[in-house]
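Values below: all heavy atoms of this structure, side chains included; hydrogens, waters and symmetry mates excluded.
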Amino acid sequence: MRFIVDDFKIFQHLSSLHLHYLTPTRPLPEIFPYRYSNLKWEKVSCRIQISFHFPAHWSYVAEFIATLLFVFAGVGSAIAYGKLTALDPAGLVAIAIAHAFALFVGVSMAANISGGHLNPAVTFGLAVGGNITIITGLFYWIAQLLGSIVACFQLQFVTGGLAVPTHGVADGMNGLQGVVMEIIITFALVYTVYAIAADPKKGSLGTIAPIAIGFIVGANILAAGPFSGGSMNPARSFGNAVVSGDFSQNWIYWVGPLIGGGLVGFIYGDVFIGSYEALPASEDYA
């Protein structure tokens with residue numbers, strides 16, 4: 001491993017920057033001329049301090065707000081269509097479009113502050129690939145889960161107590177099949193995040209990251225909605241389960257998405273990006 005600067009200098013410099021430099025919209029390889037995951041394992045104190053450093057707090061707030069608004073719009077679309085009529089092909093399309101638009105806006109509004117994860121599976125995949133610290137990722141999870149729970153409680157209140165729908169596999173499917181479906185579609189989502197947001201070679205593709213992420217979620221809901229519900233997001237499913245009190249199938253929407261996101265973090269983050277040649281040393285950060 002090559003080290004351009006020591007951990008203390010890294011932390012000093014990071015302390016002067018906004019935390020969004022640690023996020024997929026601005027990964028560390030763009031700031032420092034080496035892989036962030038190549039830091040010495042015995043010197044992890046700076047990583048822990050970064051997670052508790054003051055700018056990090058705003059990232060957690062941004063994840064909470066953006067996830068709340070995304071879940072409110074996504075779950076709200078399902079409640080609204082369910083009130084009007086039974087779910088049919090047109091309803092599936094409407095719900096997919098609502099999720100796509102809501103995620104596009106949610107990622108856009110949080111991108112400059114937290115990176116716009118809005119999804120524990122995305123956060124986990126980025127952590128596996130070395131784009132975010134484990135401690136920061138855990139705080140992101142807390143913010144995302146709280147945002148989803150608050151959004152579902154708000155929906156229950158403003159709709160006059162209508163039932164909040166929960167995710168579950170279709171009749172004729174078992175839990176394992178649901179997990180595999182969620183692994184596949186979450187893999188597609190997190191791979192998209194890496195390819196157009198976290199990859200140091202993304203170039204101008206980064207400008208379309210929010211809308212591309214929204215599109216892949218909408219497409220996956222159209223494909224998987226009738227089978228597993230097309231969650232791809234443990235937070236999106238967890239808030240519904242809390243409000244409804246039904247956790248019977250919630251495990252599917254943790255196991256599947258986290259496996260899918262983790263696989264991408266290893267394949268794209270550690271293998272593909274890890275194979276890139278190191279950027280030349282710069283005196284700016286020495």
Side-chain angles (χ1 to χ4, degrees), residues 24 66-67 69-78 81-82 87-108 116-126 128 144 148 151 165-170 172-199 205 208-241 249-265 267-268:
T67 305
L69 297 177
F70 163 63
V71 173
F72 188 93
V75 178
S77 67
Y81 204 87
L87 185 63
D88 56 17
L92 179 63
V93 172
I95 292 171
I97 291 175
H99 278 80
F101 284 171
L103 189 59
F104 164 43
V105 174
V107 171
S108 298
H117 298 194
L118 284 70
N119 185 338
V122 171
T123 300
F124 182 65
L126 291 166
V128 170
Q144 292 157 358
S148 178
T166 59
H167 278 125
V169 298
M173 289 184 64
N174 58 40
L176 178 59
Q177 292 170 320
V179 167
V180 173
M181 177 70 80
E182 288 295 318
I183 289 173
I184 295 170
I185 60 178
T186 307
F187 187 96
L189 166 61
V190 181
Y191 197 96
T192 302
V193 171
Y194 260 99
I196 62 175
D199 192 326
L205 278 176
I208 66 166
I211 194 167
I213 293 168
F215 280 176
I216 190 63
V217 166
N220 283 343
I221 290 174
L222 288 175
F227 304 102
S228 70
S231 173
M232 299 164 275
N233 188 335
R236 163 69 175 79
S237 300
F238 186 74
N240 313 39
Q249 299 190 57
N250 190 246
W251 66 274
I252 296 172
Y253 305 100
W254 281 95
V255 176
L258 291 182
I259 292 176
L263 285 173
V264 177
I267 295 171
Y268 204 119

- Message: Please determine whether side chain to side chain contact (heavy atoms under 4.5 Å, CB included) holds for the pair I213 and V193, giving the CA-CA distance in whole Å, both sets of side-chain angles, and the decisive distance to 0.1 Å.
- Response: CA-CA 7 Å; I213 293 168; V193 171; 3.8 Å; yes
- For the student: nearest non-hydrogen atoms of A195 and Y268, plus distance: CA-OH, 3.5 Å
- Measure the CZ-OG distance between F238 and S231 for me, rounded to the nearest 0.5 Å. 12.5 Å
- Task: Could you check if a side-chain atom of L126 sits within less than 4.5 angstrom of a side-chain atom of Y194, using non-hydrogen atoms only?
- Result: yes
- Side chain to side chain, V217 and L189, heavy atoms closer than 4.5 Å: yes
- Task: State, with a plain yes or no, whether a side-chain heavy atom of V75 is found less than 4.5 Å away from one of R236.
- Result: yes
- Task: Please name the pair of heavy atoms, one in H99 and one in F70, separated by the smallest distance, quoted to 0.1 Å.
- Result: O-CE1, 3.7 Å
- Query: Hey, which of I259, I267, T192 is the one that makes side-chain contact (heavy atoms from CB on, under 4.5 Å) with F187?
  - Reply: I267
- Expected output: side-chain Y253 to main-chain S228 donor-acceptor under 3.5 Å: yes
- Message: Please report the interatomic distance CZ(F72) to OG(S77), rounded to the nearest 0.5 Å.
- Response: 11.0 Å
- Item | Over all atoms of both residues, closest heavy-atom pair of P226 and L92 | CG-CD2, 3.8 Å
- Message: For I95 versus A78, what's the shortest heavy-atom pair and its separation?
- Response: CD1-CA, 3.9 Å
- Item | From OG1 (T166) to CG (N250), nearest 0.5 Å | 8.5 Å
- Distance from Q249 atom CD to N174 atom CG, nearest 0.5 Å? 10.0 Å
- With sequence neighbours excluded, what pairs up with A96 under the side chain to side chain contact (heavy atoms under 4.5 Å, CB included) test? I221, L222
- Item | Test item: E182 side-chain N/O and I252 main-chain N/O as donor-acceptor pair under 3.5 Å | no
- Between G116 and V107, what is the shortest heavy-atom contact and its length? O-CG2, 3.5 Å
- Query: Is N220 reaching over with its side chain to a backbone N or O of I185, donor-acceptor style, under 3.5 angstrom?
  - Reply: yes
- Item | Side-chain heavy-atom pair I97, F101 within 4.5 angstrom cut-off | yes
- Please confirm whether the backbone N or O of L118 pairs with a side-chain atom of N233, one donor and one acceptor, at under 3.5 Å? yes
- Task: Might you point out which heavy atoms bring V190 and A121 nearest each other, and give the distance in Å?
- Result: CG2-O, 4.1 Å
- Between CG of L103 and CD1 of I211, what distance do you get to the nearest 0.5 Å? 11.0 Å
- Query: For T67, does its backbone N or O pair with a side-chain atom of Q144 as donor and acceptor, under 3.5 Å?
  - Reply: no
